[in-house]
Amino acid sequence: MKNLIPKIGLEIHVELCTTTKLFCDCPNNPDETHPNTNICEICTGQPGVLPVPNKQAVIYILSLANAFKMKINNPSIFARKHYFYPDLPKNYQISQYELPIAFEGIFEIYRKNFSKTIRIRRIHLEEDAGRLIHLGDKSLVDFNRAGVPLIEIVTEPDFRSSEEVIYFAEDLITLVRHLGISKANPEKGEIRFEANISLGIDDNLGTKVEIKNLNSLRALEESTLYEIERQKQIILSGEEVIQETRGWDENKKRTFSQRYKEEAEDYRYFPEPDIPPLFIDEGLKKEIIEIELPSERKKRFEREFNLEFSEAHIIVKDKILADFFENTISELKSMGSNNIKLLKNFLINDILGLLNKFNKNLSDLDFKPQHFAKLAKAFEDNLISSKIFKDILSKIIKDNADADNLLKENQKIVAEPEILNYVNEAIKNNQQAVQDFVAGKKSALEFIVGYVMKLTKGKADIEITRKLIEQKLNELKEK
Ligand code: ZN
Ligand code: MN
């Protein structure tokens, strides 16, 4: 057998973090724990109601289309997709079929020594279903999620390995978070994956198998790896792969048959008669969220700030962190320093670790780029030790302590007028030592230096202190 190559395509559902649902004014609140609270006549499909598309959801999907460099259907059409399931109150889902909002786009996976552009076939808007809760022999339904906006993303079968699939999934999560259109936590069902896999010789596709309901990146990785191997064994043994839908058994770590092609569902799609064609006007286009793509930002961080790929990757993963880093660099530059390496090391090695340790987010803290820059500058100027820097960071992140106060309390005193005040006090309070020095006893100087260090809790710069005391004592001696 020559060149049996996997061809994998993905279908992804991304839950949008809009304020309200897709076709009604019910709150879109994934954290609502009380069932059937955020529901109304529209999202529970009562007769005689009229769904009205949510403008914010339309702006969100246009923003993703823009990031994918897609073509826009103007107008696009909402369609009814019929199927029967207890969590679907209308017995149909309002989705898009023939004319999705956007089609033909691209998205670049960018990794260390690896880059690949994946073609995006289409993206469309549709509503989510409710949730079933199984309690013993009873099943209950919660419609809080019914009508929540989803974007369905369909890629071309451009992935050649499970690894590429995971890179794409991770980079997509980063993208939608940077756009601010979805929280995209796989474990909360805010992003869900399905994979189409076939093995064909060279460019041929082969028979396609669909794996449904992959609700974690790990399930996506393990199921695609398993399925590639399963199909390979079938083909190598001279048999044929059956076109079917398979599920993923998390415990047995294998895919299993769910539905054959002959049993494929007919969704009886037709245009939604209650929603007019969706036109995108110029006003709406102005509201599109435009960002520097995370892949571009990583490349720029590597280039401009001399970061390793792994460093750029970890910083850019979180938009708040990336903005924080970049703004700190500007602050530091305005103080006349360009020690990016220092910032990078404290950020990656200390701040990230402390945030993790104390379970905090940067956005919860009053710690701002100017604070971080001031601390870094103080360290660079030898006003604080690295131990003190780390202690200060720890207090800031643990207790949201005031960075400026901590710096003031901990940094060395180098200003001569300030040290001189302490020196005068020390001389006034140690007349015996002064007389000893005047009498020629040099060691009396160190006694007074020690006294100043005690007064300032060790913060006065010792060289400056000694110099000032010596000057003072010599003046007294000459008198
Ligand atoms: Zn509603
Ligand atoms: Mn769908």
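Count residues from 1 along the sequence. Just so you know, ligand 1 is whichever comes first in the structure, and atom 1 is the first atom listed for that ligand.
Judged by distance alone, the side chains of D171 and S295 never bring a donor and an acceptor atom under 3.5 Å apart. Side-chain polar atoms of S76 and H124 form no donor-acceptor pair below 3.5 angstrom. Under the 3.5 Å distance criterion, with hydrogens and angles disregarded, a donor-acceptor pair is assigned to the side chains of D366 and N400. Of the N and O atoms on the side chains of N91 and R80, not one donor lies less than 3.5 Å from an acceptor on the other residue.
Partner of K212 under the salt bridge (charged side-chain N to carboxylate O under 4.0 Å, His left out) criterion, out of E227, E244, E11, E194: E194 alone.
Considering just the N/O/S atoms of E126, the one nearest the Mn ion (ligand 2) carries the name OE2.
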Audit row: S198, Q231, side-chain hydrogen bond (donor to acceptor under 3.5 Å, both in side chains) steps and yes/no: CA-CA 8 Å; S198 68; Q231 292 184 24; 5.7 Å; no
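Rounding to 10°, one obtains 90° for the angle at the Mn ion (ligand 2) between OE1 (E152) and NE2 (H13).
The two atoms that bring P51 and D274 nearest to each other are CD-CB, 3.8 Å, heavy atoms only.
Inside a sphere of radius 2.8 Å centred on the Zn ion (ligand 1), the protein N/O/S atoms present are C24 SG, C26 SG, C40 SG, C43 SG.
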